[in-house]
Amino acid sequence: MEFLKSLVPGSMSGETAIGEHSGPRLLRMKRLGLLAMGHTIEEEAAEAGGQVDVGAHRHALKRNIRHIRKRSFFSHPSAAGFRGHAGELCNRPNTTLAGMSLFIFPCLLQEKPLSRSLQRGEDAQFDQLISSMSSIAEHCLPSLLRTLFDWYRRQSGTEDESYEYRPRIGTGKSKGDEQHRDKDYLLERRDLAIDFIFCLVSVEVLKQIPLHPVPDGLVHEVLNLAFKHFKHKEGYCGPNTGNVHIIADLYAEVIGVLTQSKFQAVRKKFITELKELRQKEQSPYIVQSIISLIMGMKFFRVKMYPVEDFEASFQFMQECAQYFLEVKDKDIKHALAGLFVEILIPVAAAVKNEVNVPCLKNFVEMLYQTTFDLSSRKKHSLALYPLVTCLLCVSQKQFFLNNWHIFLQACLSHLKMPSNNSIRKQIETLQNKDPKMSRVALESLYRLLWVYIIRIKCESNTVTQSRLVSIVSALFPKGSRSVVPRDTPLNIFVKIIQFIAQERLDFAMKEIIYDLLCVGKSHKTFAINPERMNIGLRAFLVIADSLQQKDGEPPMPTTGIIMPSGNTLRVKKIFLNTTLTDEEAKVIGMSLYYPQVRKALDNILRHLDKEVGRSMSMTSVQLSNKEPEDMITGERKPKIDLFRTCVAAIPRLIPDGMSRQDLIELLAKLTIHMDEELRGLAFTTLQALMVDFPEWREDVLSGFAYFIVREVTDVHPSLLDNAVKMLLQLISQWKQAVQSGNKGHDAQVKSSGNRHSLSLDRSNPLGVLHVVEGLALVVLCSCRPATRRLAVNVLREVRALHTALGLSKGDEELAIDVMDRLSAPVLESFIHLTGADQTNLLYCPSGIDLQTLAEWTSSPISHQFDVISPSHIWVFAHVTQGQDPWVITFSSYLRQEHLPKHCPTALNYAWMFAYTRLQLLSPQIDLNSPINAKKVNTLSSSDSFMGLWRNYLILCCSSASSCSISSSASSSGSVRCSPPETLASTPDSGFSYDSKIVGTPSPSSLFKHIVPMMRSESMEITESLVLGLGRTNPMVFRELMEELNPIIKEALERRPENMKRRRRRDILRVQLVRIFELLADAGVISQIASGGLDGESHSLNSTLLEYVDLTRQLLEAENDKDSDTLKDIRCHFSALVANIIQNVPVHQRRTIFPQQSLRHSLFMLFSHWAGPFSIMFTPLDRYSDRNMQINRHQYCALKAMSAVLCCGPVADNVGLSSDGYLYKWLDNILDSQDKKVHQLGCEAVMLLLELNPDQSNLMFWAVDRCYTGSRRVAAGCFKAIANVFHNRDYQFDTVVLLNLILFKAADSSRDIYEVAMQLLQILEPKLFRYAHKLEIQRTDGILTHPSALPHLYSVSYYQLSEELARTYPELTLPIFSEVSQRIQTAHPGGRQVMLHYLLPWMNNVELVDFKPTSRRSEDCGAERRMRRFRTQRS
């Protein structure tokens, strides 16, 4: 417990300004963590217990780390002062430092180095806290330093000067020893974390010494603490060794900051410490102590001004140089050399011209000769070559010119490959060379070259040429495929070429870069030298960028050190990303070289794509089970590095010789390359083309869409998702670029698009948007909701881009608009089979969109009593029982009246893309394909793609077209990239299944490919074919029938066979009749344009007519059997015949089946399957099972019976005679409690009346059943009569109809009342004409126009009768006669109604005495009668 208590920072234990508390530190630390989470803890619980489990505590503390960090300085009340003004914190530095203490705690729980937790840049809040200390130091630096030391001492737990690190102790292996080691480890790590924070704060605050004086005592305190950490710790080796070295470097950085203002104090302290160590007897410990002390000064930097400080610095350097010359120990000499290099490199970089300061000159002369001589020795060369280089770099011009060429030859000797030796000798020479020494010599060379070219500006042309040739021949040997030395960062070579080009551009281009890029070589001799080409291309880009940005002279190469605290001295260079044009190349003086480099880039890209591009695609079968790390090795690695450079160079450099389409295709393919960095660079380049180059946008978008179709196969779903995401991002970036309106060119394109939205101008992107829509429809075929969601997002982005571009839609709509509009009706069509909640659909149909259905999970399940669903819903639900419901939704969108009608161009592209994807996926489905030969689990692998293959097939059959894609796209703009002439699988895709697809795919090729698969033994395949072929659109129905002919003959052939063959034939029959049922349901068969109906006779085409007749004969022969397969065939055959007839206009139906005998046979056949609604059964009121629910098989048979019966005039007149058998059958249907059956009966009666006007018995029966039938029968007959009169001018007795209207106006059903009123509106003109005829026959009548009827829905039947009686008194006797006839057979309630509405008519009747009277009395009587019958129309 005690050691964990000691780990608690003082700020948490109450020893700082946070607050004074009593009790164990661990308790308060845990309370702080719990308080951050809103909990509390009892002190007694924490004090209880003895031995502490360190692992458990560390695990518990990790849970609270997030909450404790939230209670850091910025959540403390003191943070408000910091947000206001830094000076307000000066009075409470303890509070500010307390916030830092909170960051010690998380470091104890992590195994990574302290620099990964506390270094600058790792935590934004911590960085802000450290930076705030610098602001405080501007106002109260001395007090802040004192507070900082107080905080350090309290945190470290020591107040004296003798404090040292507490190394790990104990090496036992017992459980107690292990716990003791854990304790020591945590203690030591905590102390190191305190030192880390102390150094970070010191680095920030000590920078303010020039602005705020500091007492010498505080400076000495900092020096003493820092140099204490420079002392070597002999024998220490623990898990915190790395952290100990980091802390020593941090204190060295503190000393480096302090030397800028207190150099003399630092110098004095260093010299004193060094003298003390030198006076001691030399031993390994003393040597390591001196080296540690020297390393403590490695961040000391010379002040270049004022000159007094400069001279003081080099006086110190001379003292160190003297020691360097005197010391004999090799390690100390090397450490001093390293110190000199660290100090002199910044001096050399800062010097623009030579420095004529005696102290510097003396320092160089003092060291150079000795150092140069020692550098020739092998044991000193690694350490002293950099020092010789730095001495030359800071030397005066003449000194440099007199000595550098000698040292240059020494450097080149470590790089050169003797040319007069054999290849074997050269290889041995390379193997014997020390790679470290070669690297050191190269770095020395390129720093010397910078001084020679940039500062001294070379020598005479001859001498300079000689020097440069010797350097270039050593680094880039002629005829070599590599550079010397190998395995060296290429950036060094690039900088060397850049330095040379600064003064000798022509030499750099023609003698170096041309050679590296193999410029001018023929195709046969051209070979990829990856490292050399990489250097050449990068050098050209750097030179061109520097010239174009007018950067001036390049800076001297420095070490680019990242300080231990995390501060970096490197400035990131921003390069241009715009294309370097011929005009710009001419301006910067590179017009002579620019075309050659572009041609070289083209050659390089083509060769790289062939060698490490296509062959290393993640879709390649050869690389399916291999990791990128295993493949990107050997010769491939430098080639891929070169490939990265080439791709990154685009669009800065556009390869000359490669078309725009080829380049986009190349970049698109690289987005699925094995190398992650290359993938990112390729897509970044595509994004740059999309954002910055408006003329490329359409090509990029369409090219990438075609790439997805061709290359990203469905066997790699993750790659497909990533590709669609990239496509989505490209569309979004185009949209954002248009919306920003920053570029005038974009505005010009936009305005042009608005004016000529339907023209063939290349700036019109509507055609490209249709391409993307077509691809999105293909992606919607996916069985994975996540992928479908991406496709929906693509369609939405297309809509947003369409709006941003301001394009007019023309004759076509956007696919997303159509699908969103149809989503609610589509869901309504099958939701009753899912059992899902229909609330949203009923009350908020607008909230149902494509996204909703793409993610819908409730699968429809068909059942035998479903009589509501149409064929396409029921068959799809039956085949996909319990599976993804998306197939039903997707197929509904593809009905001919939906997407094909409103989005023909997008559907044409979808047809082309889906056909390609279907062929690429077919080998995965075909169990006999070679690609499945080696798979152990073939069935499971094919099942995983079956749903996707099925959806592709549905899309293909729905959108297949024989016309060219270009003709459909002509009205909406041309597609500028990746023409559809070739969509094929690549050799690397793993198979060559129909890989040679040339031109737009033809429907016949599709059907030739898939129709033979109906013989497959796989039910999944055959059922998928049913759903797909059943969606064939009318334009390609003829091609389908041509391929189905052999299948039809095979299915309907009748011959003896064994059980297995018979079962296979029955399955084939079922699937075939399902296909035709779906086609008939969609209306395909019932069209003349599709070839389903004959163009002249309007009868069913010969093939289908033969199929119907042969199937009928087959089913008649099997009528006594009752197997499940036969039931399915009967059901689907019934639905097929019904669908064919119902999709033909009523007036054309009589010619569908030319032979009346076929109609009669079909009717009788269906009657056998109709169950209780067969013509052989008694009426429902005497039928024992009249309340039994009808199943779908019976309903389909009944529907087919009705359709065949109403397919023209009734062939069997006996059925409609006065006692015909059809009347009982109609009674059965109309009296059914099932709404669908009752509706079917109403339609049958209506069609019979309409198609058989000469059968007067039929109308009389219908009228009679309105009075005598049951409630459902009467209602059905009346609705049928009303519909007939509404559809055509049917000749019938007007009085009979008027009486029927009055009778039905009294019906309690509002629907029946409204139908009666509508029928009265139709009848009213006939009433007028009828009454007119009666008046003409009268000799004493005067006809007046009848008054208009009152509002139909505001009168009762009695009021209506009164008005009619007043308006048409001439009809009184006919009405009375009709009522007298009907009242005899009507039910009691009907009789009462008729007597009631007859009363107003009785007022028109007057009994007349016919006895002889005088002439006057006769005239008066006639006048009274005239007044009685005369009415005025209101």
Report task. Could you check R447, E459, E503 and say which one makes a side chain to side chain donor-acceptor pair (under 3.5 Å) with Y452? Result -> E459
Requested in this report: Search all heavy atoms of L605 against all heavy atoms of C646 and return the closest pair with its distance.
Outcome: CD2-CB, 3.6 Å
Report summary line: Here the gap from S292 atom OG to K231 atom NZ, rounded to the nearest 0.5 Å, amounts to 11.5 Å
Query raised in the report: Nearest 0.5 Å, what's the OG-CD distance between S313 and Q318?
Result: 11.5 Å
Query raised in the report: Any side-chain heavy atom of Y593 sitting closer than 4.5 Å to one from L505?
Result: yes
Report task. Without swapping roles, check the side chain of T259 against the backbone of G256 for a donor-acceptor pair under 3.5 Å. Result -> yes
Report task. Show the numbers, then the answer: is there a side chain to side chain contact (heavy atoms under 4.5 Å, CB included) between E531 and N534? Result -> CA-CA 5 Å; E531 290 180 340; N534 204 342; 5.6 Å; no
Report task. Could you tell me the separation between the CG atom of L392 and the NE2 atom of H405, rounded to the nearest 0.5 Å? Result -> 11.0 Å
**Report entry** Test item: R532 and S480 side chains (from C-beta on) under 4.5 Å apart, heavy atoms
**Finding:** yes
Requested in this report: Heavy atoms only: give me the nearest I247-L192 pair and the separation to one decimal.
Outcome: CD1-O, 3.3 Å
**Report entry** Over 12 non-hydrogen atoms of neighbours within 6.0 angstrom of CD in E635
**Finding:** no
Report task. List the steps and the verdict of side chain to side chain contact (heavy atoms under 4.5 Å, CB included) for L517 and Q596. Result -> CA-CA 9 Å; L517 296 178; Q596 301 296 330; over 6 Å; no
Query - Point-to-point distance, once rounded to the nearest 0.5 Å, from CE of M366 to OG1 of T371 - result: 10.0 Å
Query raised in the report: Does R636 use its side chain to pair, donor to acceptor, with the backbone of M631 at less than 3.5 Å?
Result: yes
Query raised in the report: Between the side chain of E443 and the main-chain N/O of I492, is any donor-acceptor distance below 3.5 Å?
Result: no
Query - Worked check of side chain to side chain contact (heavy atoms under 4.5 Å, CB included) between M616 and I640 - result: CA-CA 10 Å; M616 295 188 67; I640 289 178; 3.8 Å; yes
**Report entry** Separation between CZ of F643 and CG of L608, rounded to the nearest 0.5 Å
**Finding:** 5.5 Å
Query raised in the report: Is the shortest heavy-atom distance from the side chain of F230 to the side chain of E273 under 4.5 Å?
Result: no
Requested in this report: Among F300, F314, F363, find the one that has a ring-ring contact (aromatic ring centres under 6.0 Å, His included) with F340.
Outcome: F363
Query raised in the report: Is the side chain of S376 donor-acceptor paired with the backbone N or O of D373 at a distance under 3.5 Å, no angle test?
Result: yes
Requested in this report: Assign the ring pair F407 / F372 to parallel, tilted or perpendicular, where the plane angle (0 to 90°) is split at 30° and 60°.
Outcome: perpendicular
Query raised in the report: Under the 3.5 angstrom rule, does the side chain of R504 hit a backbone N or O of I453 as a donor-acceptor pair?
Result: no
Query raised in the report: What's the verdict on salt bridge (Lys or Arg N to Asp or Glu O under 4.0 Å) for E319 and R267, showing C-alpha distance, side-chain angles and the deciding distance?
Result: CA-CA 10 Å; E319 294 176 6; R267 172 182 172 277; 2.2 Å; yes
Query raised in the report: Do the non-hydrogen side-chain atoms of C390 and I345 ever get within less than 4.5 Å of each other?
Result: yes
Query raised in the report: Does E326 CD have over 12 foreign heavy atoms under 6.0 Å away?
Result: yes
Query raised in the report: C518 versus M533: any side-chain heavy-atom pair under 4.5 Å?
Result: yes
Query raised in the report: Would K280 and E276 pass as an ion pair if we require N to O under 4.0 Å?
Result: no
Query raised in the report: Counting heavy atoms not belonging to K303, are there more than 12 under 6.0 Å from its NZ?
Result: yes
Query raised in the report: With a cut-off of 6.0 Å (strictly less than), are more than 12 heavy atoms of other residues, nucleotides or ligands near NZ of K457?
Result: yes
Query raised in the report: Could you walk me through whether F299 and V254 pass the side chain to side chain contact (heavy atoms under 4.5 Å, CB included) check?
Result: CA-CA 8 Å; F299 294 111; V254 173; over 6 Å; no
Requested in this report: For K333 and F324, indicate whether the former's side chain and the latter's backbone hold a donor-acceptor pair under 3.5 Å.
Outcome: yes
**Report entry** Test side-chain hydrogen bond (donor to acceptor under 3.5 Å, both in side chains) applied to R644 - qualifying residues, sequence neighbours left out
**Finding:** D641, D675, E677
Report task. Taking N402 for its side chain and Q398 for its backbone only, find out whether a donor-acceptor pair lies under 3.5 Å. Result -> yes
Requested in this report: For S466 and T462, indicate whether the former's side chain and the latter's backbone hold a donor-acceptor pair under 3.5 Å.
Outcome: no
Query raised in the report: Looking at CG of L442 and CZ of F493, how far apart are the two atoms once the value is rounded to the nearest 0.5 Å?
Result: 5.0 Å
**Report entry** Close side-chain approach of V597 to V519, heavy-atom, < 4.5 Å
**Finding:** no
Query raised in the report: Are S438 and T488 side-chain neighbours, meaning at least one heavy-atom pair lies under 4.5 Å?
Result: no
Query raised in the report: Does K330 offer a backbone N or O that forms a donor-acceptor pair with the side chain of H380 under 3.5 Å?
Result: no
Query raised in the report: Closest heavy-atom contact between I343 and V347?
Result: O-CG2, 3.4 Å
Requested in this report: Indicate yes or no for a side-chain donor-acceptor contact from W450 to the backbone of P554 under 3.5 Å, with no hydrogens or angles considered.
Outcome: yes
Requested in this report: Of all the heavy-atom pairs spanning L642 and P530, show the shortest one and how long it is.
Outcome: CD2-CA, 3.7 Å
Requested in this report: Please examine the side chains of H229 and L250, heavy atoms only from C-beta on, and report whether any two atoms are closer than 4.5 Å.
Outcome: no
Query raised in the report: Of all heavy-atom pairs between L277 and L293, which one has the smallest distance, and what is that distance?
Result: CD1-CD2, 4.0 Å
Query raised in the report: For I456 and K397, which heavy atoms make the closest approach, and how far apart are they?
Result: CG2-CE, 3.5 Å
Query raised in the report: Which word best sums up how the rings of F316 and F270 line up, parallel for under 30°, tilted for 30 to 60°, or perpendicular for over 60°?
Result: perpendicular
